[in-house]
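Working notes for the structure below.
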Amino acid sequence: MLLDETRKTIEALLFMKGEDGVSIEFFSAFMEIDSAEAQNMLNVFCEEYNKTNNSLTIKRYGSLYKMLIKDEIYNMIKKAIVSKNLVKLSKSSLETLAIIAYNQPITKTQIDKIRGVNSDTIIYSLVNKELIISNKTLDTIGKPKLYETTELFLDVFGLENLEELPKSEIINEDELTKFLKD
């Protein structure tokens, strides 16, 4: 059994390190202990933590420990996110999202040119739904924002990466709608 302070430290480290996780080497250096003792402490923590009735779990991947959402909770939340974010996606929103997904990073002007109409409202809506983001700007006059899809976009549409998007040169609206709703 671990001391309460050690448990809190490990939990906080796992939370702070997020997707990067906590390696045995990092924890060993952080706690100023040898790696065998660090591994033992992390293993004991995992065993104790995973017995509790939390929405989170600790998993080990080689020498890396990660705090993750339990599968059943993740699936429930993912369904809720999908239903809340996709119920209100119009054909215009799906079209704009597809343009961004296939051409990212892309400016609003480029999106408007491809669509042939102003996309302000749709882009604003997609940003609010957290399906696209604009963290970069183009290094030209006016510094226009560059839009790209988010991790939530990948989650919502069941993709691991953008390479899983259909490769067709020309995708008609029915195929796009079917793909994005599957």
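Source: prediction; values computed, not measured.
To the nearest 0.5 Å, atom CG of residue D120 and atom CD1 of residue I122 are 9.5 Å apart. Taking CD1 from I10 and CE from M31, the interatomic distance works out to 6.5 Å, rounded to the nearest 0.5 Å. Note: I132 CD1 to K145 NZ = 10.0 Å, rounded to the nearest 0.5 Å. Distance check, rounded to the nearest 0.5 Å: CD1 of I73 to OG1 of T57 gives 11.5 Å. Note: N118 CG to T109 OG1 = 9.5 Å, rounded to the nearest 0.5 Å. Separating the NZ atom in K66 from the SG atom in C46 is a distance of 13.0 Å, to the nearest 0.5 Å.
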- Could you walk me through whether E11 and R7 pass the salt bridge (Lys or Arg N to Asp or Glu O under 4.0 Å) check? CA-CA 6 Å; E11 184 178 38; R7 277 198 315 274; over 6 Å; no
- Carefully, step by step, assess M67 and Y49 under the rule side-chain contact (heavy atoms from CB on, under 4.5 Å). CA-CA 10 Å; M67 181 180 281; Y49 192 88; 4.1 Å; yes
- Walk me through it: do K129 and L89 pass the test side-chain contact (heavy atoms from CB on, under 4.5 Å)? CA-CA 10 Å; K129 291 179 187 338; L89 283 184; 4.0 Å; yes
- Test side-chain contact (heavy atoms from CB on, under 4.5 Å) applied to I24 and L42, step by step: CA-CA 8 Å; I24 294 169; L42 288 167; 4.2 Å; yes
- Verdict with reasoning, I111 to I100, per side-chain contact (heavy atoms from CB on, under 4.5 Å): CA-CA 7 Å; I111 296 167; I100 294 167; 3.6 Å; yes
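L64 and I58 fall into different hydrophobic clusters, where Ile, Leu, Val, Met, Phe, Trp and Tyr residues are linked whenever their side-chain heavy atoms come under 4.5 Å apart, directly or through other members. By the criterion of side-chain heavy atoms lying less than 4.5 angstrom apart, applied directly or through intervening Ile, Leu, Val, Met, Phe, Trp or Tyr residues, L94 is grouped together with I106 in one hydrophobic cluster. No path of Ile, Leu, Val, Met, Phe, Trp and Tyr side chains, each step under 4.5 Å between heavy atoms, connects L97 with V117, placing them in separate hydrophobic clusters. Under the 4.5 Å side-chain heavy-atom criterion for Ile, Leu, Val, Met, Phe, Trp and Tyr, L138 and I123 are members of distinct hydrophobic clusters.
Counting only heavy atoms from C-beta outward, the side chains of F27 and M41 approach each other to under 4.5 Å. Between S35 and E25 the shortest side-chain heavy-atom distance does not fall below 4.5 Å. In this structure the side chain of L68 never reaches within 4.5 angstrom of the side chain of L56, judged on heavy atoms. Contact annotation: the side chain of V127 never approaches that of I133 to less than 4.5 Å [non-hydrogen atoms, C-beta and beyond]. Considering only heavy atoms from C-beta on, Y65 stays 4.5 Å or farther from K17 through its side chain. Between V22 and F30 the shortest side-chain heavy-atom distance does not fall below 4.5 Å. Side-chain contact between F26 and L13 is present, with at least one heavy-atom pair separated by less than 4.5 Å.
The backbone N or O of S93 sits less than 3.5 Å from a side-chain atom of S90, completing a donor-acceptor pair. In terms of modelled atom types and a separation under 3.5 Å, the side chain of S125 and the main chain of T121 share no donor-acceptor contact. D34 contributes a side-chain N or O that, together with a main-chain N or O of E37, makes up a donor-acceptor pair within less than 3.5 Å. Remark: the backbone N or O of T107 is paired with a side-chain donor or acceptor of Q110 at under 3.5 angstrom. Side-chain N or O atoms of R60 include one that pairs as donor or acceptor with a backbone N or O of G62 at under 3.5 Å. At least one donor-acceptor pair closer than 3.5 Å links the side chain of Q104 to the backbone N or O of A101. Distance alone, capped at 3.5 Å, is enough to place a donor-acceptor pair between the S28 side chain and the I33 backbone. With hydrogens and angles ignored, the 3.5 Å screen pairs a side-chain donor or acceptor of T150 with a backbone N or O of F153.
For the side chain to side chain donor-acceptor pair (under 3.5 Å) test, no residue two or more places apart in sequence or in another chain qualifies with N40.
Environment of CD in E72: crowded, with over 12 heavy atoms of neighbouring residues, nucleotides or ligands closer than 6.0 Å. The 12-atom threshold is not exceeded at CG of D139, counting heavy atoms of other residues, nucleotides or ligands nearer than 6.0 Å. Summarising the local packing, NZ of K70 is surrounded by more than 12 heavy atoms from other residues, nucleotides or ligands at distances under 6.0 Å. Under a cut-off of 6.0 angstrom, the local environment of OH in Y124 is sparse, with at most 12 non-hydrogen atoms contributed by other residues, nucleotides or ligands.
Of all heavy-atom pairs between Y102 and P166, the closest is OH-O, 2.7 Å. Taking each heavy atom of I99 and N103 in turn, the nearest pair found is O-ND2, 2.8 Å.
D112 has no carboxylate O lying under 4.0 Å from a charged side-chain N of R115, or vice versa, which leaves the two without a salt bridge. Salt-bridge formation is not detected for the pair K91/E95: no Lys NZ or Arg NE/NH1/NH2 atom is positioned less than 4.0 Å from an Asp or Glu carboxylate oxygen.
A cation-pi arrangement is absent between K108 and Y147, since the terminal nitrogen or guanidinium carbon is not both under 6.0 Å from the aromatic centre and inside a 45° cone about the axis.
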